[in-house]
Peer 1: 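Once you've had a glance at the structure underneath, I'll fire off some questions.
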Amino acid sequence: MVTGIIIAAVLVGGVGLFIGVFLGVAGKKFAVEVDEKEIAVREALPGNNCGGCGYPGCDGLAAAIAKGEAPINACPVGGAAAAAEIGKIMGQEAGEAVRLTAFVKCAGDCEKSSQCYEYTGVHDCKMAAQMQNGGSKTCAYGCLGYGSCVKACPFDAIHIVAGIAVVDKEKCKACGKCIAQCPKKLIELIPYEQKQAVACNSKEKGKAVMNACEAGCIGCRKCVKECPKEAITVTDNLAHIDPEKCISCGKCKEICPRKIIV
């Protein structure tokens, strides 16, 4: 009886020892080499996994940076601080990082815009945009206000206020998820420090814009004439401000008859 127990213990111990040695050898033979720089870069990233960099999460971006396939300042959430830290790891100069924020090109809230019919479907911008006229607003370019961008934002930086999306620039990390969700292409990234921007996206002519919205750009070009730096152009009846040329003097905002330069 005792002999049987001893034999069983020896067999179990021998099998365990064999498996341990086998796993140890296999682990060394099939070990995946880990790039220490990649690990360090990953630790320097914020870990939001928002995808704003264009890669599948922070792990994907860390791997790309370590391989030299992505710039060290590719993370919009980490910003200048993360870029500087990653620059030390990669032995590169981070350079100047311009902070960006999302901006909604529409000021046509419930009071200023008109409706051509009542929409009673699913409260989703992409669904509503499939309806007649691209939605219930008379302006086919305006914000639908059903919050697809709100649901997409991982930072609680965008909300629906009086029927239109409004960005909290202090919370915005410029990840771009709201941009991808907007069926009207109303959201763009602008420099955080930019003082003036045109809150309209309509390409209609002046009369049609005035019939649809009290705040739409009518392409009058008064802002173009007033700008001392030629930073404003009008294309397809819509004014646009070049942030590279704009000096934030505010003259365009003062002269705009529609008050849509905000």
Side-chain angles (χ1 to χ4, degrees), residues 101-153 157-172 178-179 181-190 194-227 232-241 246 248 250-262:
T101 184
F103 175 72
V104 181
K105 299 180 289 183
C106 181
D109 58 24
C110 296
E111 294 182 358
K112 297 174 183 176
S113 62
S114 61
Q115 303 283 325
C116 52
Y117 59 86
E118 183 179 353
Y119 174 71
T120 57
V122 178
H123 278 216
D124 177 82
C125 296
K126 290 186 176 180
M127 292 292 291
Q130 302 301 315
M131 304 301 291
Q132 180 183 354
N133 195 46
S136 59
K137 277 190 171 181
T138 305
C139 175
Y141 298 89
C143 176
L144 295 169
Y146 294 117
S148 294
C149 53
V150 176
K151 298 171 188 174
C153 180
I158 188 166
H159 300 92
I160 302 301
V161 180
I164 59 173
V166 177
V167 176
D168 181 341
K169 62 186 296 185
E170 300 304 325
K171 290 183 178 181
C172 179
C178 56
I179 295 174
Q181 289 299 315
C182 180
K184 298 290 187 176
K185 306 303 178 186
L186 279 170
I187 309 174
E188 66 179 2
L189 295 179
I190 64 173
Q194 184 173 330
K195 302 300 182 184
Q196 279 80 39
V198 181
C200 184
N201 197 46
S202 176
K203 309 298 190 300
E204 297 288 352
K205 292 183 179 180
K207 185 176 181 180
V209 172
M210 289 190 285
N211 289 336
C213 179
E214 295 178 10
C217 177
I218 56 175
C220 65
R221 298 179 182 271
K222 287 186 177 181
C223 54
V224 176
K225 297 174 183 177
E226 190 68 17
C227 181
I232 307 178
T233 54
V234 173
T235 304
D236 294 331
N237 307 306
L238 179 64
H240 177 76
I241 299 174
C246 179
S248 299
K251 290 184 177 181
C252 56
K253 181 179 179 180
E254 293 173 6
I255 202 170
C256 178
R258 306 287 286 175
K259 306 302 178 185
I260 50 96
I261 298 179
V262 298

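Every heavy atom of this structure was used, including side-chain atoms; hydrogens, water molecules and symmetry mates were not. Everything quoted here is computed from the prediction, not taken from an experiment.
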Peer 1: If you take all heavy atoms of Ile158 and Cys178, which pair is closest and at what distance?
Peer 2: CD1-CB, 4.5 Å

Peer 1: Crowded around Lys203 NZ? As in, over 12 foreign heavy atoms under 6.0 Å?
Peer 2: yes

Peer 1: Are Cys149 and Cys182 side-chain neighbours, meaning at least one heavy-atom pair lies under 4.5 Å?
Peer 2: no

Peer 1: Quick one: does any side-chain atom of Ser114 pair with a main-chain N or O of Thr138 as donor and acceptor, under 3.5 Å?
Peer 2: no

Peer 1: Just so I know, are the side chains of Ser248 and Gln194 near enough to count as touching, which here means a heavy-atom distance under 4.5 Å?
Peer 2: no

Peer 1: Any side-chain heavy-atom pair from Thr235 and His240 closer than 4.5 angstrom?
Peer 2: no

Peer 1: Holding to salt bridge (charged side-chain N to carboxylate O under 4.0 Å, His left out), I want the full list of residues that pass it with Glu188, two or more places apart in sequence or in another chain.
Peer 2: Lys105

Peer 1: How far does NZ of Lys112 sit from SG of Cys106, to the nearest 0.5 angstrom?
Peer 2: 10.0 Å

Peer 1: Does the side chain of Leu186 come within less than 4.5 Å of Ile164's, by heavy atoms?
Peer 2: no

Peer 1: Do Leu238 and Asn201 have side-chain heavy atoms sitting under 4.5 Å apart?
Peer 2: yes

Peer 1: Hey, could you give me the SG/CD distance between Cys256 and Gln196, rounded to the nearest 0.5 Å?
Peer 2: 11.5 Å

Peer 1: Please report the shortest heavy-atom distance between Ser136 and Tyr117, naming the atom on each side.
Peer 2: CB-O, 3.2 Å

Peer 1: Please give me the minimum heavy-atom distance between Asp124 and Tyr146, naming the atom from each residue.
Peer 2: N-CB, 3.7 Å

Peer 1: Counting neighbours of NZ on Lys253 that are heavy atoms of other residues, nucleotides or ligands and sit closer than 6.0 Å, is the number greater than 12?
Peer 2: no

Peer 1: Check whether Arg258 reaches the backbone of Cys217 with its side chain - one donor and one acceptor, N or O, closer than 3.5 Å.
Peer 2: no

Peer 1: Around atom NZ of Lys205, are there more than 12 heavy atoms of other residues, nucleotides or ligands at under 6.0 Å?
Peer 2: no

Peer 1: Hey, what do you get for CG (Leu189) to CZ (Phe103), rounding to the nearest 0.5 Å?
Peer 2: 12.0 Å

Peer 1: Apply side-chain contact (heavy atoms from CB on, under 4.5 Å) to Ile261 and Ile241, showing your working.
Peer 2: CA-CA 9 Å; Ile261 298 179; Ile241 299 174; 4.1 Å; yes

Peer 1: Check whether any side-chain heavy atom of Val150 lies under 4.5 Å from a side-chain heavy atom of Ile160, and answer yes or no.
Peer 2: yes

Peer 1: Which distance, rounded to the nearest 0.5 Å, do you find between the CZ of Arg221 and the CD of Glu226?
Peer 2: 15.5 Å

Peer 1: Closest approach of Cys200 and Gly216, non-hydrogen atoms and distance?
Peer 2: SG-CA, 3.8 Å

Peer 1: If you round to the nearest 0.5 Å, how far is CG of Leu144 from SG of Cys139?
Peer 2: 9.5 Å

Peer 1: Residues in side-chain hydrogen bond (donor to acceptor under 3.5 Å, both in side chains) with Asn133, at least two apart?
Peer 2: none

Peer 1: Tell me, do Thr101 and Ile190 make a side-chain contact under 4.5 Å, heavy atoms counted?
Peer 2: yes

Peer 1: Is the side chain of Lys137 donor-acceptor paired with the backbone N or O of Cys213 at a distance under 3.5 Å, no angle test?
Peer 2: no

Peer 1: Within a radius of less than 6.0 Å around CD of Glu170, do more than 12 heavy atoms belonging to other residues, nucleotides or ligands occur?
Peer 2: yes

Peer 1: Are there over 12 heavy-atom neighbours, none belonging to Lys225, within less than 6.0 Å of that residue's NZ?
Peer 2: no

Peer 1: For Gln132, give me all partners under side-chain hydrogen bond (donor to acceptor under 3.5 Å, both in side chains), at least two apart in sequence or on another chain.
Peer 2: none

Peer 1: Only one of Val198, Ile232, Val224 passes side-chain contact (heavy atoms from CB on, under 4.5 Å) with Cys252; say which it is.
Peer 2: Ile232

Peer 1: Search all heavy atoms of Gln181 against all heavy atoms of Ala152 and return the closest pair with its distance.
Peer 2: CG-CB, 3.4 Å

Peer 1: Looking at every heavy atom in both Ser113 and Gly108, which two are closest together, and how far apart are they?
Peer 2: OG-O, 3.1 Å

